[in-house]
There are 2 protein chains.
Amino acid sequence: MLKAVYTATSLKSDLNQRGFRLTPQREKILDVFQRLPQGNHLSAEDLHNILKDRGERLSLSTVYRTLNLMARIGILREVELAEGHKHYEINPPYPNHHHHLVCVQCHRTVEFKNELISKLGLKQAEASGFHLLDCQLTIYGVCLEALRQGWPSLLPSDWSCPHSGLDMADGTDL
Amino acid sequence: MLKAVYTATSLKSDLNQRGFRLTPQREKILDVFQRLPQGNHLSAEDLHNILKDRGERLSLSTVYRTLNLMARIGILREVELAEGHKHYEINPPYPNHHHHLVCVQCHRTVEFKNELISKLGLKQAEASGFHLLDCQLTIYGVCLEALRQGWPSLLPSDWSCPHSGLDMADGTDL
DNA sequence: TTAAGTGCAAAAGTTTTGCACCAAG
DNA sequence: CTTGGTGCAAAACTTTTGCACTTAA
(Lines give C-alpha, C1' and ligand atoms only; values in the text may rest on other atoms or scores of the structure.)
Protein backbone atom coordinates (compact mmCIF):
# COMPACT_ATOMS: atom_id res chain seq x y z
CA MET A 1 0.00 0.00 0.00
CA LEU A 2 1.17 3.52 -0.72
CA LYS A 3 2.11 5.73 2.21
CA ALA A 4 0.69 8.98 3.45
CA VAL A 5 4.18 10.17 4.38
CA TYR A 6 7.34 8.82 2.84
CA THR A 7 10.71 8.35 4.42
CA ALA A 8 13.73 7.46 2.33
CA THR A 9 13.24 3.89 3.52
CA SER A 10 9.59 3.53 2.70
CA LEU A 11 10.08 5.15 -0.70
CA LYS A 12 12.90 2.73 -1.35
CA SER A 13 10.80 -0.28 -0.54
CA ASP A 14 7.88 0.98 -2.62
CA LEU A 15 10.22 1.37 -5.58
CA ASN A 16 12.20 -1.80 -5.09
CA GLN A 17 9.06 -3.90 -4.75
CA ARG A 18 8.21 -2.85 -8.28
CA GLY A 19 11.65 -3.31 -9.71
CA PHE A 20 12.68 0.35 -9.60
CA ARG A 21 15.59 1.91 -7.74
CA LEU A 22 15.86 4.63 -5.18
CA THR A 23 18.14 7.37 -6.45
CA PRO A 24 19.11 10.65 -4.81
CA GLN A 25 17.19 12.44 -7.56
CA ARG A 26 13.97 10.61 -6.81
CA GLU A 27 14.38 11.22 -3.11
CA LYS A 28 14.87 14.95 -3.66
CA ILE A 29 11.88 15.21 -5.93
CA LEU A 30 9.57 13.47 -3.52
CA ASP A 31 10.93 15.64 -0.72
CA VAL A 32 9.83 18.78 -2.57
CA PHE A 33 6.30 17.43 -2.82
CA GLN A 34 6.22 16.41 0.81
CA ARG A 35 7.18 19.90 1.97
CA LEU A 36 4.67 21.52 -0.34
CA PRO A 37 1.80 23.23 1.49
CA GLN A 38 -1.40 21.22 1.09
CA GLY A 39 -3.26 22.25 -2.01
CA ASN A 40 -0.30 23.26 -4.15
CA HIS A 41 0.59 21.48 -7.30
CA LEU A 42 3.68 21.79 -9.45
CA SER A 43 4.45 21.57 -13.12
CA ALA A 44 7.62 19.86 -14.26
CA GLU A 45 9.21 23.23 -14.70
CA ASP A 46 8.09 24.54 -11.30
CA LEU A 47 9.65 21.52 -9.71
CA HIS A 48 12.84 21.89 -11.68
CA ASN A 49 13.12 25.54 -10.58
CA ILE A 50 12.52 24.75 -6.94
CA LEU A 51 15.26 22.17 -7.05
CA LYS A 52 17.54 24.63 -8.80
CA ASP A 53 16.86 27.19 -6.08
CA ARG A 54 17.79 24.64 -3.47
CA GLY A 55 21.11 24.24 -5.18
CA GLU A 56 20.38 20.80 -6.58
CA ARG A 57 20.83 20.24 -10.23
CA LEU A 58 18.76 17.50 -11.73
CA SER A 59 18.14 17.55 -15.43
CA LEU A 60 14.70 18.40 -16.66
CA SER A 61 14.52 14.99 -18.34
CA THR A 62 14.95 13.31 -15.01
CA VAL A 63 12.21 15.48 -13.60
CA TYR A 64 9.85 14.40 -16.36
CA ARG A 65 10.85 10.77 -16.07
CA THR A 66 10.37 10.80 -12.33
CA LEU A 67 6.99 12.51 -12.50
CA ASN A 68 5.81 9.93 -14.99
CA LEU A 69 7.09 7.05 -12.92
CA MET A 70 5.59 8.29 -9.68
CA ALA A 71 2.26 9.05 -11.26
CA ARG A 72 2.21 5.66 -12.92
CA ILE A 73 2.61 3.85 -9.64
CA GLY A 74 0.33 6.17 -7.72
CA ILE A 75 2.72 8.09 -5.47
CA LEU A 76 1.85 11.29 -7.29
CA ARG A 77 -1.31 12.29 -9.06
CA GLU A 78 -1.58 14.22 -12.26
CA VAL A 79 -3.86 17.21 -12.08
CA GLU A 80 -5.11 18.73 -15.28
CA LEU A 81 -6.59 22.17 -14.81
CA ALA A 82 -6.44 23.45 -18.34
CA GLU A 83 -3.45 25.72 -17.95
CA GLY A 84 -1.80 24.00 -20.88
CA HIS A 85 0.52 21.76 -18.92
CA LYS A 86 0.22 19.05 -16.34
CA HIS A 87 0.58 19.59 -12.63
CA TYR A 88 1.46 17.06 -10.00
CA GLU A 89 0.85 16.67 -6.30
CA ILE A 90 1.16 13.96 -3.66
CA ASN A 91 -1.58 11.38 -4.11
CA PRO A 92 -3.17 10.95 -0.70
CA PRO A 93 -4.18 7.40 0.17
CA TYR A 94 -7.83 6.48 -0.33
CA PRO A 95 -10.24 7.92 0.69
CA ASN A 96 -8.42 11.19 1.23
CA HIS A 97 -8.41 12.40 -2.33
CA HIS A 98 -9.42 15.97 -2.79
CA HIS A 99 -11.09 17.55 -5.75
CA HIS A 100 -10.87 20.74 -7.75
CA LEU A 101 -13.16 23.51 -8.88
CA VAL A 102 -11.50 25.80 -11.36
CA CYS A 103 -12.47 28.99 -13.15
CA VAL A 104 -11.88 28.61 -16.87
CA GLN A 105 -11.27 32.34 -17.11
CA CYS A 106 -8.85 33.16 -14.31
CA HIS A 107 -7.74 29.66 -13.30
CA ARG A 108 -8.51 30.31 -9.68
CA THR A 109 -8.76 26.93 -8.03
CA VAL A 110 -10.86 25.83 -5.10
CA GLU A 111 -10.00 22.57 -3.44
CA PHE A 112 -12.56 20.50 -1.63
CA LYS A 113 -12.92 17.10 -0.10
CA ASN A 114 -15.80 14.73 -0.39
CA GLU A 115 -15.43 11.23 0.88
CA LEU A 116 -18.58 10.05 -0.83
CA ILE A 117 -17.07 10.83 -4.20
CA SER A 118 -13.96 8.85 -3.35
CA LYS A 119 -16.16 5.94 -2.35
CA LEU A 120 -18.11 6.07 -5.57
CA GLY A 121 -14.82 6.13 -7.42
CA LEU A 122 -13.57 3.04 -5.66
CA LYS A 123 -16.82 1.21 -6.27
CA GLN A 124 -16.74 2.02 -9.96
CA ALA A 125 -13.11 0.91 -10.23
CA GLU A 126 -13.86 -2.37 -8.50
CA ALA A 127 -16.93 -2.97 -10.62
CA SER A 128 -14.73 -2.69 -13.70
CA GLY A 129 -11.92 -4.82 -12.29
CA PHE A 130 -9.45 -1.96 -11.96
CA HIS A 131 -6.91 -1.33 -9.24
CA LEU A 132 -7.65 2.25 -8.11
CA LEU A 133 -4.82 4.75 -8.31
CA ASP A 134 -6.53 8.11 -8.18
CA CYS A 135 -9.97 9.58 -8.39
CA GLN A 136 -10.66 13.23 -8.94
CA LEU A 137 -13.71 15.30 -9.60
CA THR A 138 -12.89 18.34 -11.65
CA ILE A 139 -15.48 21.05 -11.92
CA TYR A 140 -15.06 23.72 -14.54
CA GLY A 141 -16.94 26.94 -14.09
CA VAL A 142 -16.77 30.69 -14.29
CA CYS A 143 -16.19 32.76 -11.18
CA LEU A 144 -18.52 35.53 -10.15
CA GLU A 145 -16.01 38.27 -10.90
CA ALA A 146 -15.57 37.09 -14.46
CA LEU A 147 -19.33 36.90 -14.95
CA ARG A 148 -19.66 40.46 -13.67
CA GLN A 149 -17.07 41.65 -16.13
CA GLY A 150 -19.17 40.36 -18.98
CA TRP A 151 -17.66 36.95 -19.51
CA PRO A 152 -17.10 35.51 -22.04
CA SER A 153 -17.07 38.04 -24.81
CA LEU A 154 -15.96 41.17 -23.08
CA LEU A 155 -12.90 39.71 -21.48
CA PRO A 156 -9.45 39.27 -22.93
CA SER A 157 -8.43 35.65 -22.52
CA ASP A 158 -5.71 36.58 -20.06
CA TRP A 159 -7.99 38.55 -17.74
CA SER A 160 -7.70 37.44 -14.16
CA CYS A 161 -9.96 38.47 -11.35
CA PRO A 162 -8.54 40.59 -8.54
CA HIS A 163 -9.20 37.84 -6.00
CA SER A 164 -7.09 35.30 -7.76
CA GLY A 165 -4.24 36.11 -5.41
CA LEU A 166 -6.03 34.93 -2.32
CA ASP A 167 -6.64 31.24 -2.40
CA MET A 168 -10.19 30.23 -1.63
CA ALA A 169 -9.24 26.60 -1.00
CA ASP A 170 -10.50 25.80 2.44
CA GLY A 171 -11.25 22.11 2.42
CA THR A 172 -14.91 22.73 3.23
CA ASP A 173 -16.97 19.59 2.84
CA LEU A 174 -20.43 19.74 1.43
CA MET B 1 -29.00 27.83 -21.25
CA LEU B 2 -26.98 25.52 -23.45
CA LYS B 3 -28.81 23.05 -25.65
CA ALA B 4 -28.80 19.29 -25.74
CA VAL B 5 -29.07 19.37 -29.52
CA TYR B 6 -28.01 22.31 -31.64
CA THR B 7 -29.52 23.55 -34.83
CA ALA B 8 -27.80 26.20 -36.87
CA THR B 9 -30.25 28.67 -35.38
CA SER B 10 -29.76 27.77 -31.75
CA LEU B 11 -26.00 27.68 -32.16
CA LYS B 12 -26.18 31.10 -33.74
CA SER B 13 -28.11 32.55 -30.88
CA ASP B 14 -25.84 31.00 -28.29
CA LEU B 15 -22.88 32.55 -30.02
CA ASN B 16 -24.44 35.91 -30.79
CA GLN B 17 -25.65 36.33 -27.24
CA ARG B 18 -22.04 36.26 -26.18
CA GLY B 19 -20.75 38.49 -28.91
CA PHE B 20 -19.43 35.76 -31.19
CA ARG B 21 -20.45 34.99 -34.74
CA LEU B 22 -21.82 31.93 -36.45
CA THR B 23 -19.53 30.89 -39.28
CA PRO B 24 -19.77 27.94 -41.64
CA GLN B 25 -16.65 26.55 -40.02
CA ARG B 26 -18.15 26.55 -36.54
CA GLU B 27 -21.33 24.99 -37.80
CA LYS B 28 -19.41 22.18 -39.48
CA ILE B 29 -17.32 21.50 -36.43
CA LEU B 30 -20.30 21.27 -34.14
CA ASP B 31 -22.01 19.04 -36.66
CA VAL B 32 -19.17 16.53 -36.45
CA PHE B 33 -19.59 16.35 -32.69
CA GLN B 34 -23.33 15.98 -32.92
CA ARG B 35 -23.06 13.01 -35.24
CA LEU B 36 -20.41 11.37 -33.07
CA PRO B 37 -21.59 8.17 -31.38
CA GLN B 38 -22.08 8.73 -27.66
CA GLY B 39 -18.88 8.13 -25.76
CA ASN B 40 -16.42 9.15 -28.43
CA HIS B 41 -14.12 12.07 -28.05
CA LEU B 42 -11.91 13.75 -30.59
CA SER B 43 -8.55 15.44 -30.56
CA ALA B 44 -8.01 18.55 -32.64
CA GLU B 45 -6.29 16.47 -35.22
CA ASP B 46 -8.98 13.77 -35.30
CA LEU B 47 -11.53 16.46 -35.93
CA HIS B 48 -9.43 18.06 -38.62
CA ASN B 49 -9.07 14.70 -40.38
CA ILE B 50 -12.77 13.93 -40.22
CA LEU B 51 -13.52 17.27 -41.80
CA LYS B 52 -10.89 16.66 -44.44
CA ASP B 53 -12.48 13.30 -45.24
CA ARG B 54 -15.81 14.99 -45.66
CA GLY B 55 -14.23 17.22 -48.22
CA GLU B 56 -14.30 20.34 -46.08
CA ARG B 57 -11.11 22.22 -45.63
CA LEU B 58 -10.82 24.21 -42.46
CA SER B 59 -7.40 25.14 -41.25
CA LEU B 60 -6.06 23.43 -38.17
CA SER B 61 -5.80 26.83 -36.48
CA THR B 62 -9.49 27.34 -36.90
CA VAL B 63 -10.10 23.94 -35.42
CA TYR B 64 -8.04 24.82 -32.36
CA ARG B 65 -9.63 28.24 -32.03
CA THR B 66 -13.10 26.77 -32.29
CA LEU B 67 -12.45 24.01 -29.78
CA ASN B 68 -11.14 26.57 -27.32
CA LEU B 69 -14.10 28.87 -27.86
CA MET B 70 -16.69 26.14 -27.53
CA ALA B 71 -15.09 24.68 -24.45
CA ARG B 72 -14.81 28.11 -22.92
CA ILE B 73 -18.51 28.74 -23.24
CA GLY B 74 -19.52 25.23 -22.32
CA ILE B 75 -20.78 23.79 -25.61
CA LEU B 76 -17.93 21.29 -25.61
CA ARG B 77 -16.04 19.77 -22.74
CA GLU B 78 -12.37 19.07 -22.59
CA VAL B 79 -11.50 15.55 -21.57
CA GLU B 80 -8.00 14.82 -20.37
CA LEU B 81 -7.22 11.13 -20.22
CA ALA B 82 -3.47 11.27 -20.18
CA GLU B 83 -2.85 10.37 -23.79
CA GLY B 84 -0.73 13.45 -24.19
CA HIS B 85 -3.26 15.64 -25.91
CA LYS B 86 -6.70 16.99 -25.18
CA HIS B 87 -9.91 15.43 -26.40
CA TYR B 88 -13.26 17.08 -26.81
CA GLU B 89 -16.86 15.95 -26.77
CA ILE B 90 -20.30 17.54 -26.58
CA ASN B 91 -20.97 18.81 -23.08
CA PRO B 92 -24.37 17.42 -22.14
CA PRO B 93 -26.57 19.79 -20.15
CA TYR B 94 -26.64 19.29 -16.40
CA PRO B 95 -27.15 16.77 -14.89
CA ASN B 96 -26.29 14.46 -17.78
CA HIS B 97 -22.55 14.62 -17.53
CA HIS B 98 -20.80 11.31 -17.74
CA HIS B 99 -17.52 10.32 -16.17
CA HIS B 100 -14.44 8.32 -17.05
CA LEU B 101 -12.43 5.47 -15.66
CA VAL B 102 -9.16 4.95 -17.45
CA CYS B 103 -6.32 2.46 -17.25
CA VAL B 104 -3.01 4.28 -16.96
CA GLN B 105 -1.31 1.40 -18.70
CA CYS B 106 -3.42 0.66 -21.74
CA HIS B 107 -5.67 3.73 -21.83
CA ARG B 108 -8.79 1.63 -22.03
CA THR B 109 -11.64 3.88 -21.01
CA VAL B 110 -14.88 3.05 -19.29
CA GLU B 111 -17.61 5.64 -19.32
CA PHE B 112 -20.23 5.82 -16.63
CA LYS B 113 -23.00 8.07 -15.43
CA ASN B 114 -23.79 9.10 -11.92
CA GLU B 115 -26.31 11.81 -11.32
CA LEU B 116 -25.34 12.18 -7.70
CA ILE B 117 -21.86 13.24 -8.69
CA SER B 118 -23.24 15.86 -11.03
CA LYS B 119 -25.41 17.15 -8.22
CA LEU B 120 -22.49 17.38 -5.83
CA GLY B 121 -20.60 19.25 -8.50
CA LEU B 122 -23.35 21.79 -8.95
CA LYS B 123 -23.65 22.28 -5.21
CA GLN B 124 -19.94 22.86 -4.84
CA ALA B 125 -19.93 25.31 -7.74
CA GLU B 126 -22.81 27.26 -6.28
CA ALA B 127 -21.25 27.29 -2.83
CA SER B 128 -18.19 28.94 -4.32
CA GLY B 129 -20.14 31.39 -6.45
CA PHE B 130 -19.21 29.80 -9.77
CA HIS B 131 -21.34 29.33 -12.86
CA LEU B 132 -21.07 25.60 -13.64
CA LEU B 133 -19.80 24.61 -17.05
CA ASP B 134 -18.71 21.02 -16.67
CA CYS B 135 -18.11 18.48 -13.98
CA GLN B 136 -16.23 15.26 -14.49
CA LEU B 137 -15.00 12.53 -12.25
CA THR B 138 -11.88 10.93 -13.61
CA ILE B 139 -10.73 7.70 -12.09
CA TYR B 140 -7.25 6.45 -12.85
CA GLY B 141 -6.48 2.82 -12.26
CA VAL B 142 -4.82 -0.26 -13.63
CA CYS B 143 -6.83 -2.88 -15.44
CA LEU B 144 -6.81 -6.51 -14.40
CA GLU B 145 -4.92 -7.63 -17.48
CA ALA B 146 -2.07 -5.22 -16.79
CA LEU B 147 -1.90 -6.33 -13.16
CA ARG B 148 -1.69 -9.94 -14.27
CA GLN B 149 1.17 -9.11 -16.58
CA GLY B 150 3.14 -7.83 -13.63
CA TRP B 151 2.38 -4.14 -13.81
CA PRO B 152 4.16 -1.80 -13.37
CA SER B 153 7.73 -2.99 -13.72
CA LEU B 154 7.43 -5.89 -16.09
CA LEU B 155 5.54 -4.03 -18.74
CA PRO B 156 6.89 -1.83 -21.49
CA SER B 157 5.13 1.50 -21.30
CA ASP B 158 3.39 0.89 -24.60
CA TRP B 159 1.92 -2.47 -23.63
CA SER B 160 -1.81 -2.64 -24.22
CA CYS B 161 -4.10 -5.34 -23.05
CA PRO B 162 -5.80 -7.58 -25.63
CA HIS B 163 -9.23 -6.33 -24.60
CA SER B 164 -8.52 -2.74 -25.35
CA GLY B 165 -10.22 -3.12 -28.69
CA LEU B 166 -13.61 -3.85 -27.24
CA ASP B 167 -15.02 -0.88 -25.43
CA MET B 168 -16.30 -1.61 -21.97
CA ALA B 169 -18.25 1.63 -21.76
CA ASP B 170 -21.78 0.67 -21.03
CA GLY B 171 -23.23 3.56 -19.09
CA THR B 172 -23.91 1.37 -16.08
CA ASP B 173 -24.95 3.40 -13.06
CA LEU B 174 -23.78 2.45 -9.62
C1' DT C 1 28.46 -7.01 -12.35
C1' DT C 2 24.47 -5.66 -14.72
C1' DA C 3 20.26 -3.55 -15.45
C1' DA C 4 18.32 0.73 -14.39
C1' DG C 5 18.87 5.75 -14.12
C1' DT C 6 20.94 10.24 -15.46
C1' DG C 7 22.33 14.24 -18.28
C1' DC C 8 22.63 16.41 -22.46
C1' DA C 9 21.12 17.81 -26.73
C1' DA C 10 18.19 16.95 -30.31
C1' DA C 11 13.60 15.74 -31.86
C1' DA C 12 8.76 15.27 -31.69
C1' DG C 13 4.50 16.72 -30.83
C1' DT C 14 0.80 19.83 -29.74
C1' DT C 15 -1.01 24.38 -29.46
C1' DT C 16 -0.66 29.40 -30.20
C1' DT C 17 0.11 33.66 -32.88
C1' DG C 18 1.07 37.54 -36.28
C1' DC C 19 -0.67 39.22 -40.25
C1' DA C 20 -3.19 40.03 -44.46
C1' DC C 21 -7.58 39.03 -46.23
C1' DC C 22 -12.63 37.89 -45.81
C1' DA C 23 -17.29 38.06 -44.13
C1' DA C 24 -21.09 38.14 -40.44
C1' DG C 25 -24.00 41.17 -38.18
C1' DC D 1 -18.99 49.47 -42.33
C1' DT D 2 -16.63 47.49 -38.42
C1' DT D 3 -15.19 43.95 -35.79
C1' DG D 4 -14.56 39.32 -35.50
C1' DG D 5 -12.97 35.13 -37.98
C1' DT D 6 -9.98 32.48 -41.18
C1' DG D 7 -5.84 30.61 -43.37
C1' DC D 8 -1.12 30.20 -43.66
C1' DA D 9 3.30 29.81 -41.93
C1' DA D 10 6.19 30.60 -38.26
C1' DA D 11 6.97 30.34 -33.41
C1' DA D 12 6.39 28.77 -28.81
C1' DC D 13 5.98 25.39 -25.59
C1' DT D 14 5.81 21.04 -23.31
C1' DT D 15 7.32 16.47 -23.29
C1' DT D 16 9.98 12.53 -25.10
C1' DT D 17 14.15 10.11 -26.72
C1' DG D 18 18.87 8.35 -28.29
C1' DC D 19 23.15 7.70 -26.54
C1' DA D 20 27.22 7.50 -23.66
C1' DC D 21 28.20 7.50 -18.91
C1' DT D 22 27.00 6.39 -13.81
C1' DT D 23 25.37 3.94 -10.12
C1' DA D 24 22.12 1.21 -7.15
C1' DA D 25 21.28 -3.33 -5.80
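In what follows, chains are A, B, ... by sequence order, proteins preceding strands, each numbered from 1.
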(message) Please pick, from C:dT14, D:dT15, C:dA4, the nucleotide with the shortest atom-to-atom distance to any side-chain atom of B:H85.
(response) C:dT14
(message) Nearest to the B:S61 side chain among D:dA9, C:dT15, D:dT17, which nucleotide is it?
(response) D:dA9
(message) Please determine whether a side-chain nitrogen or oxygen atom of A:N16 lies at a distance below 4.0 Å from atom OP1 or OP2 of D:dA25.
(response) yes
(request) Determine the interplanar angle of the B:Y94 and B:H97 rings, folded into 0 to 90°, and report it as parallel if under 30°, tilted if 30 to 60°, perpendicular if over 60°. (result) tilted
(message) Quick check: on DNA chain C, is the nucleotide nearest B:R21 upstream (toward 5') of the one nearest B:S43, or the reverse? Name the residue that is more 5'.
(response) B:S43
(request) State which residue, out of A:Q34, A:R35, A:K28, fulfils the side chain to side chain donor-acceptor pair (under 3.5 Å) condition with A:D31. (result) A:R35
(message) Distance check needed: D:dT22 C1' versus A:R57 CZ, whole Å only.
(response) 15 Å
(message) Can you see whether B:H41 engages B:E78 through a side-chain donor-acceptor pair at a distance of less than 3.5 angstrom?
(response) no
(request) Identify which nucleotide among D:dA25, C:dT16, D:dG5 has an atom closest to any side-chain atom of B:R26, counting heavy atoms from C-beta outward. (result) D:dG5
(request) Ignoring the backbone of A:E45, work out which of D:dT14, C:dT2, D:dG5 is nearest its side chain. (result) D:dT14
(message) Looking at C:dG25, I'd like to know if its phosphate oxygens (OP1 or OP2) sit under 4.0 Å from a side-chain N or O belonging to B:K12.
(response) yes
(request) Nearest-nucleotide wise, let me know which of B:L22 and A:L69 is further upstream toward the 5' end of DNA chain C. (result) A:L69
(message) Can you see whether B:S59 engages B:T62 through a side-chain donor-acceptor pair at a distance of less than 3.5 angstrom?
(response) yes
(request) Would you mind telling me which of C:dG7, D:dT3, D:dG7 lies closest to the side-chain atoms of B:T62? (result) D:dG7
(message) Between B:Q25 and D:dG7, is there a contact of a side-chain N or O with OP1 or OP2 at under 4.0 Å?
(response) yes
(request) Could you check which of C:dA23, C:dG7, D:dT16 has an atom nearest any side-chain atom of A:Y64? (result) D:dT16
(request) Look only at the side chain of A:H48 and the backbone of A:L58, and say whether a donor-acceptor pair between them is shorter than 3.5 Å. (result) yes
(request) Kindly say if B:R65 contacts the phosphate of D:dG5, meaning a side-chain N or O under 4.0 Å from OP1 or OP2. (result) no
(request) Would you kindly give the CD-to-C1' distance between A:E80 and D:dT15, to the nearest whole Å? (result) 13 Å
(message) Starting the side chain at C-beta, find the nucleotide from C:dG7, D:dT15, C:dG5 nearest to A:A44.
(response) D:dT15
